[in-house]
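Computed over heavy atoms, backbone and side chain alike; hydrogens, waters and symmetry mates excluded. Each chain gets a letter, A, B and so on, in the order the sequences are listed, and its residues count up from 1. Everything quoted here is computed from the prediction, not taken from an experiment.
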Amino acid sequence: MAEQAGPVRVRYAPSPTGVTHIGGARTALFNYLFARHHQGAFLLRIEDTDRARLQPGSEAQIKEGLTWIGLHWDEPPIVQSEHLPRYRAAAEQLLSSGAAYRCFCTPERLEQMRAEQRARKEPERYDRRCAAIPPEESDRRALAGERFVIRQRMPAQGTTTLHDLIMGTVEFRNDTLDDHVLLKSDGYPTYHLAFAVDDHDSRISHVIRGDGWLPSAPKHLLLFQAFGWEPPAFAHLPLVHGPDHKPLAKRHGARNILEYRDAGYLPEAVVNFIAFLGWSPGTTQDLFTMPELIDAFTIERVQPSPAVANLERLDWLNGQFIRRLPDDDLARRLSPWLPQASPDQIRPLVPLVKERLQTLAQAPDLLAFFFGEPAPLPADAVKDRPAMRQRIEAAVRRLEEAPAWSEVELESRLRATADALQIKHGDFFMALRIALTGRRVTPPLIPSMVQLGRDRVLAILRQRLTELAAG
RNA sequence: GGCCCGUUCGUCUAGUUGGCCCAGGACGCCGCCCUCUCAAGGCGGAAAUCAGCGGUUCGAAUCCGCUACGGGCUACCA
C-alpha cells in the first residue's frame, strides 16, 4: 500500500443531524489514534449541508462527546455551510472542463423515470437526459433562471480501482456509476462535492470513514481526478452492530456517547471499549490507556468485518479502570454522584468501594448508609427478634468499652463477642451489618464501622434495640 | 433487481509469508480457593466440525472457485 507523501492529516466529519453514538465515536477515535500515532493532525469538520435535517444542539453535543472521551481536534472546526462560494466555484470549474453538467430535470420527472426503471427491473440511475445539452444552451437556460443541479459526468467505460487500507483492492466498473448530484438547486453542495473540496483544501492525507461510503468511493476518486487533485488514501471502517447483528440503531446501543458518562462509565473505559470494536493489538493485552492505544494503533489491524458491541465487556472494563484509579482521583470522580457529601467525607470511603464498583453510578447506593439514616431492618432479618437483640446488645457492651476505635481493636472485640455468644463469626457480622445498614450487602463491616465513628455506630445500634423492643 | 463488502467459541478477537492450530486470549457462564456479606483476586472448566461445498497441495482457518447467509449503497441525506 503506497504511503501518502507529506504529513498525516485526518478528520472526523459528522453531520449535525443527531448525536455521536458508539459507531461515530469509533470512527472519530480511529482517526484520532491514526493521527497521533503518525504525529499528524486530527481535524473536525461539521458537514451541515443538509439544511432540512439539521438539528439545533447537535454540533455542541458532538463536540462535548468528543471532548469527554479525550479526542481533541488540532485546528478550528471547518463548517461547510460557511464555504458555499467555494463549492460553487469548484462546481463551475467542473462545468467548464466538461467533467460535470447542469441537469434541469424536475424532481417529478426523476421520480417518474425511476418508477419506470423499477417496472423494467433496471438499475435506478439518472438516465443522463441533460448530459447532452450543449454548453451554450445550458448557460442560456441557467441565466434565464431555470432551476438546475450540477451532476458529475461518469466515464462510460473502464474501471476505477480503490486501494483501501482496510478492505483491500476493490474494482468498480465505471458503467455502473451514477451521474450523481454535486451541487443542489439550493446552491448547497452534496456530500460528494463538499467532501472532495474540503479534504483537498484541508490537505487531508487519509480518509478514514464508515464503510457506507465504500460504494461511492470510486466516484470520489474520479472527482479528485476531474479536479486534477491528488486523492487521499482511503480506509473504510465496517459498521458496528448491535446484539441482534443489525447495524447499531436507536433500538439498542446507538445512544449518545454522553449517556455513558451519565451512566457512570469512565471515558478511559469507553475509549478502550470502542477501540477494540473491530481492532485489536494482536497481543493479549486488553487494558490500554490512550497513550498506549496511540502507540499500538495501526490501520492494517482493523478488521474488515462488522463488530457487535458487547456491553458486558464495557462493564468489566469500567470496573478495571476504576480499580486502577488512584484513590484521590476516584474520590474526585465520585463527587458528582454524592452531592450530599463533601470531598473530605468521600475520600476515606473510597477504599471501601473501589473494588466493588462497576460504574460510578453504583456508589450512592453502596454508600447510602454513611449519609442519612440507615435503611429499615428487612422483615426477614428480624424474624428472630430475641436473637437479634441479644447480638446487638452484646456488641454494644463490648464496643462501649473499646479503648480505641480502630480496625484491629474492633475486629478482636467483635470476634471475641461472637465466641462468647457461641455463634459463627460470619453470622454475628451479618447481624451487625444488617443492624447498622439495614442491608445484607455492604462494604466490609469493620472498616465501615471505623469510618462511621464510635458515636454514630453506638447511636444506630441503640436505636435498633429500641425499634426491636417496640415492634 | 444492480453494484460492493463480510462470514474463527454466545460476544470481541489471535491466527494472515500454508505445517509450531484436532485453533490461543478476553468478556460472559460454571466450579473450586480466599473470605464478615458483596465484590475483587487466584486456580480450573464447558464453549468454534475455522459458514457450506469443491478444488490446489505431501499438508489449508490460512490460496482459488462456487453456493448460502448477513450487511451496505442504489436521494437535489450524510
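Nucleotides B/U17 and B/C53 have their P atoms positioned 24 Å apart, rounded to a whole Å. Comparing the same atom, P, in B/A26 and in B/A40 gives a spacing of 16 Å after rounding to whole Å. Atom name C1', nucleotides B/G24 and B/U16: the rounded distance is 15 Å, in whole Å. Rounded to whole Å, the P atom of B/G15 lies 15 Å from the corresponding atom of B/U62. Only the C1' atoms considered, B/A61 is 12 Å distant from B/C22, to the nearest whole Å. One P atom belongs to B/G10, the other to B/C50, and the distance between them is 13 Å to the nearest Å. Between B/U57 and B/C63, the distance separating the two C1' atoms is 10 Å to the nearest Å. The C1' atoms of B/G1 and B/G18 are separated by 39 Å, rounded to the nearest whole Å.
For the pair A/Leu399/A/Trp405, a side-chain contact is recorded, criterion being any heavy-atom separation below 4.5 Å from C-beta on. Taking 4.5 Å as the limit, every side-chain heavy atom of A/Leu177 sits out of range of all side-chain heavy atoms of A/Ser216.
Residue A/Ser280 is classed as a sugar-phosphate contact, given heavy-atom separations below 4.0 Å to backbone atoms only. Using a 4.0 Å heavy-atom distance criterion, A/Thr17 is classed as making no nucleic acid contact. A/Ile434 comes within contact range of no nucleotide atom at all, as no heavy-atom separation falls under 4.0 Å. Within 4.0 Å of A/Pro304, counting heavy atoms only, lie sugar-phosphate atoms of the nucleic acid but no base atom. Among the heavy atoms of the strands lying under 4.0 Å from A/Arg114 are primed sugar atoms or P, OP1, OP2 only; no base atom is included. Using a 4.0 Å heavy-atom distance criterion, A/Pro238 is classed as making no nucleic acid contact. Using a 4.0 Å heavy-atom cutoff across all strands shown, A/Glu122 reaches no nucleic acid atom at all. At a threshold of 4.0 angstrom between heavy atoms, the contacts of A/Arg125 with the nucleic acid are absent. Within 4.0 Å (heavy atoms only), A/Phe172 reaches sugar-phosphate atoms of the nucleic acid but no base atom. Heavy atoms of A/Leu314 sit nowhere under 4.0 angstrom from any nucleic acid atom. If you check every strand for non-hydrogen atoms under 4.0 Å, A/Gly278 touches sugar and phosphate atoms only. Note on A/Val308: only backbone sugar-phosphate atoms sit closer than 4.0 angstrom, heavy atoms only; bases stay farther off. Counting any heavy atom pair closer than 4.0 Å across all strands shown, A/Arg301 reaches sugar-phosphate atoms only and no base atom. Within 4.0 Å of A/Gln117, counting heavy atoms only, lies no atom of the nucleic acid at all.
Reading RNA chain B from its 5' end, the first and the last nucleotide to sit under 4.0 Å from a heavy atom of chain A are B/G1 to B/A78.
No side-chain donor from either of A/Asn318 and A/Thr359 sits under 3.5 Å from a side-chain acceptor of the other.
If you check B/C32 for Watson-Crick or wobble pairing at under 3.5 angstrom, you find it paired to B/G42. Checking B/C21 for Watson-Crick or G-U wobble geometry (two distances, each under 3.5 Å) identifies no partner in any strand. The base-pairing partner of B/A47, taking Watson-Crick or G-U wobble contacts with both distances under 3.5 Å, does not exist among the strands shown. Judged by Watson-Crick or G-U wobble contacts below 3.5 Å, the nucleotide B/G1 has B/U74 as its partner. Base pairing annotation: B/C27 forms a Watson-Crick or G-U wobble pair with B/G10, both donor-acceptor distances under 3.5 Å.
Looking at A/Asp164, A/Leu237, A/Leu239 one by one, the single match for side chain to side chain contact (heavy atoms under 4.5 Å, CB included) with A/Asp211 turns out to be A/Leu239. The one candidate from A/Asp198, A/Thr190, A/Thr49 that meets the side chain to side chain donor-acceptor pair (under 3.5 Å) condition with A/Tyr87 is A/Asp198. Residue A/Asp179 forms a salt bridge (charged side-chain N to carboxylate O under 4.0 Å, His left out) with just one option from A/Lys219, A/Arg151, A/Arg128, and that option is A/Arg128.
The aromatic ring centroids of A/Phe30 and A/Phe297 lie less than 6.0 Å from each other.
Ring planes of A/Phe429 and A/His425: perpendicular class, angle over 60° (limits at 30 and 60°). Ring planes of A/His192 and A/Trp213: perpendicular class, angle over 60° (limits at 30 and 60°).
Smallest separation of non-hydrogen atoms from A/Arg45 and A/Phe195: NH2-CA, 4.0 Å.
Residues from residues 178-191 of chain A placing a heavy atom under 4.0 Å of any atom in RNA chain B, listed by number, are A/Val181, A/Lys184, A/Ser185, A/Pro189, A/Thr190, A/Tyr191.
Both A/Gly426 and A/Pro123 lie close to RNA chain B; mapped to their nearest nucleotides by heavy-atom distance, the more 5′-ward contact belongs to A/Pro123. Both A/Leu277 and A/Arg433 lie near RNA chain B, and the one whose nearest nucleotide falls closer to the 5' end is A/Leu277.
Atoms NE2 and OG1, from A/His220 and A/Thr160 in turn, are 12.0 Å apart once rounded to the nearest 0.5 Å.
Side-chain atoms of A/Asn31 never come within 3.5 Å of backbone atoms of A/Phe42 as a donor-acceptor pair (strictly under, hydrogens ignored).
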